[in-house]
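See below for the structure under consideration.
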Number of protein chains: 2
Amino acid sequence: MTEKKLTLRLDFHSGLPIYTQIVNQIQSQLANGRLKPGDQLPTVRALAQELRVNFNTVARAYRILDEARIISTQQGRGTYITEIPPPNISEKLRNESLEALTQRFINEAFRLGFFEKEISQMVRDSLKVRKEAQNKQKENAK
Amino acid sequence: MTEKKLTLRLDFHSGLPIYTQIVNQIQSQLANGRLKPGDQLPTVRALAQELRVNFNTVARAYRILDEARIISTQQGRGTYITEIPPPNISEKLRNESLEALTQRFINEAFRLGFFEKEISQMVRDSLKVRKEAQNKQKENAK
DNA sequence: GTACAATGATACAATTAGTACAATCAGGAT
DNA sequence: ATCCTGATTGTACTAATTGTATCATTGTAC
């Protein structure tokens, strides 16, 4: 029915545990609207098969999300996105989510052979460019 | 999966430490294409058994290669050749690749509702933590 | 014989997989 | 309706497989 395909892409060499990758990707799909409150997630077994992973690994990811009240897992029924979720996600969780995202980015950059200086410089530049673009938008809006 | 046989030939009388020989041979197999980025190496125990050597000796070799960013060892999962940009890609291309990665990261962070200050602060913190962890590793390695 | 580097032994931690179980629901038989 | 039965769901606990940390032993150079 309301079952989503939920196409996740795992990187088995990234250094991030699989269950963490699943948690992160579901969170971001919720953030960007690909998943909405009330949506049913695939069953632990279905998602596990699709990702070629043991279903307990998926169950672990679901448990973490459940404890964060982002999803609601119900034995014998299935797993659903919580109806009234992230507005009340705590500051701690919010911070952890950014931290995880940043870790992923930095690990990837190092894995690709970049150095600390290059990375921080590029982040500064990119943020600056983005900011300028926004300012320009505002000026035009006048 | 993509596990290679990785036939190494040790010389126990050469005077070169075993772990050094392992390091050298893996490096040269990477250089001549027998090993490619993304390949999974044998587990420390498997390779140790094959070479009739203690697995800590293999682990030591792996640690050296890991610190040199040639391989990536992941507790509970295995050891992989890191995916580095081909050495022949131009500086420009290299830069663009980091830029693209950074853009993705920043876009994602903004989508998740974080602000510029939070993002740059988190990047600084994460880089700092990583640096300190590495320094600690080096000290221990002495 | 002392010092130091190399190797080995042992115990540990993180991640993922295996197995058995419990809750829920759908369908039919009575 | 009520009860069974089987399928499907998530849960709990355990085992297996991985790399890590620490200290002991060995062997060689001085």
Side-chain angles (χ1 to χ4, degrees), chain A residues 1-4 6 8 10-24 26 39-67 70-82 100 103 107, chain B residues 1-4 6 8 10-24 26 39-67 70-82 133-134 136-142:
Chain A
M1 299 306 109
T2 43
E3 192 138 343
K4 283 288 170 60
L6 192 68
L8 305 185
L10 298 184
D11 180 352
F12 288 92
H13 314 317
S14 75
L16 281 166
I18 294 173
Y19 68 86
T20 304
Q21 294 184 46
I22 297 174
V23 168
N24 288 345
I26 288 179
D39 281 353
Q40 176 168 19
L41 295 176
T43 69
V44 286
R45 286 172 175 81
L47 183 54
Q49 183 173 25
E50 189 185 318
L51 300 178
R52 316 283 195 120
V53 141
N54 188 277
F55 71 84
N56 280 294
T57 304
V58 177
R60 183 167 177 180
Y62 278 11
R63 205 184 76 200
I64 291 172
L65 290 165
D66 185 285
E67 284 169 359
I70 290 169
I71 66 178
S72 158
T73 61
Q74 298 157 35
Q75 186 169 349
R77 303 265 320 283
T79 302
Y80 302 85
I81 304 284
T82 313
Q103 292 283 358
N107 283 336
Chain B
M1 301 295 121
T2 44
E3 191 137 347
K4 285 287 171 62
L6 192 68
L8 305 185
L10 297 185
D11 180 351
F12 288 91
H13 310 312
S14 75
L16 278 168
I18 295 173
Y19 70 87
T20 305
Q21 294 183 45
I22 297 174
V23 168
N24 289 345
I26 289 179
D39 280 353
Q40 176 168 18
L41 295 175
T43 68
V44 287
R45 285 171 175 81
L47 183 54
Q49 184 173 26
E50 190 186 317
L51 301 178
R52 315 286 193 123
V53 141
N54 187 276
F55 72 83
N56 281 293
T57 304
V58 177
R60 182 166 178 181
Y62 279 10
R63 202 184 79 194
I64 292 172
L65 289 165
D66 185 287
E67 284 171 359
I70 291 170
I71 66 177
S72 157
T73 61
Q74 299 157 35
Q75 185 168 353
R77 293 227 255 141
T79 302
Y80 302 85
I81 304 284
T82 50
Q134 274 190 344
K136 204 170 278 179
Q137 259 196 343
K138 278 188 188 168
E139 299 228 345
N140 291 341
K142 286 180 191 172

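So you know, we letter chains A, B, ... as the sequences are listed, proteins then strands, and number each from 1.
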Review point. Looking only at atom types and distance, does a side-chain atom of T73(A) sit under 3.5 Å from a main-chain N or O of T79(A), one as donor and one as acceptor?
Key: no

Practice item. First locate atom CG of L8(A), then atom CD1 of I22(A), and finally report the distance between them rounded to the nearest 0.5 Å. Key: 7.0 Å

Practice item. Considering non-hydrogen atoms only, spot the tightest contact between F12(B) and R52(B) and give its length. Key: CZ-O, 4.4 Å

Exercise for review: Rounded to the nearest angstrom, tell me the gap between atom CG in L47(A) and atom P in dT9(D).
Suggested key: 12 Å

Point to revise | Pairing partner of dC4(D) (Watson-Crick or G-U wobble, both distances under 3.5 Å) | key: dG27(C)

Review point. Would you say T57(B) reaches dG8(C)'s phosphate, i.e. side-chain N/O to OP1/OP2 under 4.0 Å?
Key: yes

Practice item. Write down the distance between CD (Q21(A)) and P (dT15(C)), rounded to a whole number of angstrom. Key: 12 Å

Review point. If you look at every heavy atom in I18(A) and L10(A), which pair is closest and at what distance?
Key: CG2-CD1, 3.6 Å

Revision key, fill the gap. Separation of dG8(C) atom P from Q49(B) atom CD, nearest Å, is 14 Å

Review point. Atom CZ of R60(B) to atom C1' of dG8(C): distance rounded to whole Å?
Key: 12 Å

Practice item. Report yes if a donor N or O on one partner sits less than 3.5 Å from an acceptor N or O on the other, where the partners are the side chain of N54(A) and the base of dA16(D); otherwise report no. Key: no

Check your understanding: Across the strands shown, which category fits R63(A) at heavy-atom distances under 4.0 angstrom: base, sugar-phosphate, nothing?
Key -> nothing

Check your understanding: Want to settle it: does F55(A) or I18(A) sit nearer the 5' end of DNA chain C, counting the closest nucleotide to each?
Key -> I18(A)

Study note, to complete from the structure: Ranking dT20(D), dA9(C), dT15(C) by distance to the side chain of N56(B), first place goes to dA9(C)

Revision key, fill the gap. Rounded to whole Å, CD of Q74(B) lies from P of dG19(D) at a distance of 9 Å

Practice item. Send over the distance from F12(B) CZ to dA6(C) P, rounded to a whole Å. Key: 15 Å

Tabulate atom names and distances for all N/O pairs under 3.5 angstrom spanning the protein and nucleotides 21-26 of chain C.
unit_1, atom_1, unit_2, atom_2, d
dA22(C), N3, Q75(A), NE2, 2.5
dA23(C), O4', Q75(A), NE2, 3.3
dC25(C), OP1, R77(A), NE, 3.2

Review point. So, is T43(A) near the phosphate of dT8(D), with a side-chain N or O under 4.0 Å from OP1 or OP2?
Key: no

Review point. Is the phosphate of dT20(D), meaning OP1 or OP2, less than 4.0 Å from a side-chain N or O of T73(B)?
Key: yes

**Study point:** Closest non-hydrogen atom pair, R77(A) against Q40(A)
**Key:** O-NE2, 3.9 Å

Point to revise | Stepwise side-chain contact (heavy atoms from CB on, under 4.5 Å) check, L47(A) with L41(A) | key: CA-CA 9 Å; L47(A) 183 54; L41(A) 295 176; over 6 Å; no

Practice item. Nearest whole angstrom, please: distance from the C1' of dA9(C) to the CZ of R52(B). Key: 19 Å

Practice item. Report which part of the nucleic acid Y19(B) touches: base, sugar-phosphate, or nothing (heavy-atom distance under 4.0 Å, all strands). Key: sugar-phosphate

Review point. Distance from I71(A) atom CD1 to R63(A) atom CZ, nearest 0.5 Å?
Key: 11.5 Å

Review point. Expressed in angstrom and rounded to an integer, what is the separation of Y80(B) atom OH from dT18(D) atom C1'?
Key: 10 Å

Study note, to complete from the structure: One should read off an interatomic distance between D39(B) CG and T82(B) OG1, to the nearest 0.5 angstrom, of 11.0 Å

Review point. Just wondering, are more than 12 heavy atoms of other shown residues or ligands nearer than 6.0 Å to CD in E50(B)?
Key: yes

Check your understanding: Are side-chain heavy atoms of Y62(A) and I26(A) found at a separation under 4.5 Å?
Key -> yes

Exercise for review: Do nucleotides 24-30 of chain D as a string where each nucleotide becomes B, S or -: B if the base has a protein heavy atom under 4.0 Å, S if just the sugar-phosphate does, - if no protein is that close.
Suggested key: -------

Practice item. Respond yes when some side-chain nitrogen or oxygen of T79(B) is under 4.0 Å from OP1 or OP2 of dT18(D), and no when none is. Key: no

